[in-house]
Amino acid sequence: DVKVTQSSRYLVKRTGEKVFLECVQDMDHENMFWYRQDPGLGLRLIYFSYDVKMKEKGDIPEGYSVSREKKERFSLILESASTNQTSMYLCASSLGWGNTGELFFGEGSRLTVL
Amino acid sequence: GENVEQHPSTLSVQEGDSAVIKCTYSDSASNYFPWYKQELGKGPQLIIDIRSNVGEKKDQRIAVTLNKTAKHFSLHITETQPEDSAVYFCAASTSNYQLIWGAGTKLIIKP
C-alpha cells in the first residue's frame with residue numbers, strides 16, 4: 001500500500017514563528033502536493049512538485065514555500081506564521097505526469113497559529 | 001475563473017436509502033472527474049473517477065454519471081451503510097493538469 005506520512009498531526013505555533021511541515025511517501029511517486037483544507041472551501045493547492053528540486057506554485061502560494069531535496073520528501077514552510085494560516089494541511093503524492101491520476105493523501109497536519 | 005460547485009453541503013439519509021451528490025464545473029476543457037471520500041481523522045481517498053469519454057461508471061454500490069453538455073457530474077451511492085458516513089469531495093481537471101475541488105458534502109447515514 002502507498003503510504004504518505006505527515007510528521008506532525010497537530011501543531012500550535014505563535015504568530016511570526018517559522019513552521020516546517022514534513023511529508024514522506026514510500027512509493028517512489030514523481031509528483032507531490034501540498035493542499036490546504038478549510039471548511040466550505042474544499043481543497044486548495046498551495047504548491048506541487050514534479051521532480052526533485054522542482055516546484056510549482058498552486059492557487060494559494062502566498063506566505064508559503066516548499067522544499068524537495070529528495071524524491072520521497074516534500075516540505076512545506078511557513079516563513080512567518082500568521083493567524084490566517086490556521087488550517088488543516090494535506091500532503092499528497094501521485095504517479096505519472098499531471099494531476100489526473102490517483103492522489104494518495106496523508107492524514108493531515110492541523111496547524112493552529114495563535 | 002475555473003470553479004466547481006458541489007451540492008448539498010450536508011446530506012442526511014436513512015440507512016439503506018440512496019444518496020446523490022451533484023457537482024457542476026465551469027472549464028469546458030475538464031476531462032477527468034474524481035470523487036474522494038474523507039473519513040474522520042483521515043486524508044481523502046479516491047473512491048471512483050470518470051473520464052470525459054464515458055457517461056457513467058459503476059463500482060458495486062457506487063456510480064458516477066457525467067453530462068458534459070451541461071457540465072455536471074454526480075455521485076450515486078445505493079443501499080447506504082453506516083460506513084458511508086464521511087465527507088465527499090468532487091473535483092475536475094484543468095487545462096494545466098491540476099484539479100479544482102468542490103467544497104465537500106458531509107454525508108450522514110441515520111440508523
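Chain naming here is simple, since letters A, B, ... match the order of the sequence lines and numbering starts at 1 in each.
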TODO: Go through A:G108, A:G58, A:G40 and name the one with the most non-hydrogen pairs under 4.5 angstrom from chain B.
DONE: A:G40
Using a cut-off of 6.0 Å, state whether more than 12 heavy atoms not belonging to [X] lie near its atom [atom1].
X	atom1	value
B:Q60	CD	no
B:K68	NZ	yes
B:E56	CD	yes
A:R44	CZ	yes
B:L40	CG	no
A:K71	NZ	yes
B:Q81	CD	yes

Task: From B:L46 atom CG to A:S94 atom OG, the distance as rounded to the nearest 0.5 Å - done: 11.5 Å
What part of [X] gets closer than 4.5 Å to chain B, counting heavy atoms only: side chain, backbone, both or neither?
X	answer
A:Q6	neither
A:R9	side chain
A:L43	both

Open item on the list: Under the ring-ring contact (aromatic ring centres under 6.0 Å, His included) test against A:Y35, which residue among B:F89, B:W101, B:Y36 passes?
Closed with: B:W101
TODO: Answer with side chain, backbone, both or neither: which region of B:P34 has an atom nearer than 4.5 Å to a non-hydrogen atom of chain A?
DONE: neither
Task: Heavy-atom pair of closest approach, residues A:E102 and B:Y32 - done: N-OH, 4.4 Å
TODO: For residues B:Q38 and A:F105, determine if any side-chain heavy atom of one lies less than 4.5 Å from a side-chain heavy atom of the other.
DONE: no
